[in-house]
Amino acid sequence: MNHPDDLYALDAAASETPPGLHLVAALTGFADAGGAVAQVTESLLGASDTTLVAEFDPDILLDYRARRPVITFDRDHISEVAPARLTLRIVHDELGQPFLFLSGYEPDFQWNRFVAAVVDLAEDLQVADTTWIQSIPMPVPHTRPIGITVSGTRPDLVESMSVWKPQTQAPANVLHLVEHRLSEEGREVTGLVLLVPHYLSDTEYPDAAVAALSGVAAATGLIFPTDQLREEGRDFLARVDEQVGGNEELGNLVSALEERHDTYMAGNPIASPLTGVDGQVPTADAIAAELERFLADRGADDGD
């Protein structure tokens with residue numbers, strides 16, 4: 001009988017993984033509008049040292065004809081082979097807080113076993129919760145903040161962050177199935193689907209990665225460095241605005257999308273996470289006091 005744990009090999013670090021970590025998942029494959037998942041993966045894996053916990057077997061899960069290994073050909077020989085990898089790693093955020101990061105290719109085969117394997121790993125490693133991201137193209141303008149559709153078991157995040165709540169049928173990402181299985185088992189899980197302007201979906205859109213990291217931060221409390229991505233985003237949007245300004249047809253398209261977006265948002269306001277139950281934004285003194293309490297609690301927990 002084929003067991004889910006046949007799909008991956010555990011590293012020695014698995015036995016030393018502390019319980020209660022957040023699990024963040026980001027897989028490339030079916031849809032990655034604006035390159036959000038790819039950029040988030042590069043940012044998280046490059047920001048700190050990582051520790052391998054488990055690696056999945058591509059010979060079982062991957063269709064090499066669709067996603068072939070990348071080689072480096074150096075004049076007269078092959079100097080490097082870079083196969084696709086699907087790994088679970090311990091990564092650290094900007095404050096040094098550890099979390100688990102599942103990243104790499106979306107499996108082509110064995111979806112049910114893969115879903116069972118991820119759910120089993122989440123249980124065995126005693127993760128606190130699971131948050132996954134995806135980005136899809138939508139007819140929205142780049143001149144407005146990137147919207148998010150939130151799913152899962154966190155009604156507070158749906159209420160405060162989800163700008164589009166459709167009742168529809170759509171092709172699934174394998175992480176949709178992971179979310180569904182975790183929900184059935186009563187585990188906390190959040191799906192964040194970014195709504196990227198369709199005319200920018202084939203480009204690497206830095207603001208999409210910033211929105212993804214901000215969403216994960218809201219769901220988990222982890223802190224991620226985004227300064228470089230934000231700077232790249234400003235330069236990127238300046239070039240887009242320049243092209244739109246010089247093309248009447250593009251300008252008309254963006255104007256129509258802006259009007260449509262603003263009309264929709266006026267009729268579907270979302271609660272801001274900055275407001276209280278009375279709908280009022282807290283004062284600067286209240287924010288400062290809350291920050292002081294947070295730092296004091298962290299200091300007490302850390303024994304510092």
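Note that the structure is a prediction, hence the values are computed from the model and not measured.
A 4.5 Å side-chain heavy-atom check between Leu102 and Val24 finds every atom pair outside the cut-off. Residues Phe101 and His92 form no side-chain contact, since every pair of their non-hydrogen atoms from C-beta on lies 4.5 Å or further apart. Side-chain atoms of Val53 and Arg89, non-hydrogen and from C-beta on, never get closer than 4.5 Å to each other. When side chains are defined from C-beta on, Ser160 does not count as touching Asp156, because their heavy atoms never get closer than 4.5 Å. Here the side chains of Phe236 and Glu204 are not in contact, with every heavy-atom distance at 4.5 Å or above. Proximity of Pro139 to Leu257: side-chain heavy atoms (C-beta onward) are separated by under 4.5 Å at one or more points. Under the 4.5 Å side-chain criterion, counting only non-hydrogen atoms from C-beta, Glu179 is in contact with Ser151. Contact check for Tyr205 versus Leu237: side-chain heavy atoms found under the 4.5 Å cut-off.
In this structure, the side chain of Thr220 engages the main chain of Leu222 through a donor-acceptor pair within 3.5 Å. At least one donor-acceptor pair under 3.5 Å links the side chain of Tyr264 to the backbone N or O of Val163. Although no hydrogens or angles enter the test, the distance criterion places no donor-acceptor pair under 3.5 Å between the side chain of Asn247 and the main chain of Gln243. Under a 3.5 Å cut-off, the side chain of Ser201 and the backbone N or O of Pro197 do not form any donor-acceptor pair. A side-chain donor-acceptor contact under 3.5 Å links Arg113 to the backbone of His3. The backbone N or O of Glu159 sits nowhere less than 3.5 Å from a side-chain atom of Ser162 that would complete a donor-acceptor pair.
Ring centroid separation for the pair Tyr105 and Phe56 does not come in under the 6.0 Å cut-off.
Hydrophobic clustering places Tyr64 together with Leu86 (ILVMFWY residues linked when any side-chain heavy atoms are closer than 4.5 Å, directly or through intermediates). Tracing side-chain contacts under 4.5 Å through hydrophobic residues (I, L, V, M, F, W, Y), one reaches Phe73 starting from Val81; they form part of the same cluster.
Note that CD of Glu248 and OG of Ser255 are 10.0 Å apart. Values are rounded to the nearest 0.5 Å. Note that the CD atom of Glu232 and the CG atom of Leu229 stand 5.5 Å from one another [nearest 0.5 Å]. To the nearest 0.5 Å, atoms CG (Leu213) and CG (Asp93) are separated by 11.0 Å. Going from atom OG1 of Thr149 over to atom NZ of Lys165 covers 9.5 Å, rounded to the nearest 0.5 Å. Interatomic distance, Leu100 CG to Thr50 OG1, rounded to the nearest 0.5 Å: 11.5 Å. Interatomic distance, CD1 of Ile71 versus CD1 of Ile78, reported as 4.5 Å (0.5 Å rounding).
Smallest separation of non-hydrogen atoms from Ala33 and Val196: O-CG2, 3.7 Å. Across Ala54 and Leu52, no two heavy atoms sit closer than the pair O-CD1, 3.5 Å. For the residue pair Ile133 and Val37, the shortest heavy atom distance occurs at O-CG2, 4.0 Å. Nearest heavy atoms, Gln134 versus Ala31: NE2-CB, 3.8 Å. Between His176 and Trp132, the shortest heavy-atom contact is NE2-CH2, 3.5 Å. Nearest heavy atom pair, residue Ala209 against residue Gln39, reads CB-CB, 3.6 Å.
In this structure, Phe99 and Phe224 have perpendicular ring planes: the angle between them is above 60°, well past the 30° mark.
Dense packing is recorded around CG of Asp124, with more than 12 heavy atoms of other residues, nucleotides or ligands lying under 6.0 Å away. Atom CD of Glu249 has 12 or fewer heavy atoms from other residues, nucleotides or ligands within 6.0 Å. In Asp59, the CG atom is crowded: over 12 heavy atoms of neighbouring residues, nucleotides or ligands sit closer than 6.0 Å. A 6.0 Å sphere centred on CZ of Arg144 holds more than 12 heavy atoms belonging to other residues, nucleotides or ligands. At most 12 heavy atoms of other shown residues, nucleotides or ligands fall within 6.0 angstrom of atom CD in Glu259.
Tested against Leu23 for a side chain to side chain contact (heavy atoms under 4.5 Å, CB included), the candidates Leu121, Leu88, Thr131, Asp129 yield a single pass: Leu88.
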Practice item. Run the numbers on Tyr199 and His142 for side-chain hydrogen bond (donor to acceptor under 3.5 Å, both in side chains), then give the verdict. Key: CA-CA 9 Å; Tyr199 52 92; His142 71 279; 2.7 Å; yes

Practice item. Applying side-chain hydrogen bond (donor to acceptor under 3.5 Å, both in side chains), run through Glu258 and Thr143 and close with a yes or a no. Key: CA-CA 8 Å; Glu258 288 174 337; Thr143 52; 2.6 Å; yes

Check your understanding: Can you check side chain to side chain contact (heavy atoms under 4.5 Å, CB included) on Met161 and Leu192, steps first, answer last?
Key -> CA-CA 9 Å; Met161 295 173 58; Leu192 304 173; 4.2 Å; yes

Review point. Between Leu21 and Val127, is a side chain to side chain contact (heavy atoms under 4.5 Å, CB included) present by the stated rule, with each step listed?
Key: CA-CA 5 Å; Leu21 299 185; Val127 303; 5.5 Å; no

Practice item. Show the numbers, then the answer: is there a side chain to side chain contact (heavy atoms under 4.5 Å, CB included) between Leu45 and Val91? Key: CA-CA 7 Å; Leu45 295 184; Val91 184; 4.1 Å; yes

Point to revise | Residues Asp57, Tyr8; criterion side chain to side chain contact (heavy atoms under 4.5 Å, CB included); working and verdict | key: CA-CA 6 Å; Asp57 188 347; Tyr8 60 87; over 6 Å; no

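Using a cut-off of 4.0 Å between Lys/Arg side-chain N and Asp/Glu carboxylate O, Asp207 and Arg234 are scored as not salt-bridged. Using a 4.0 Å cut-off between charged nitrogen and carboxylate oxygen, Arg67 and Asp108 count as a salt-bridge pair.
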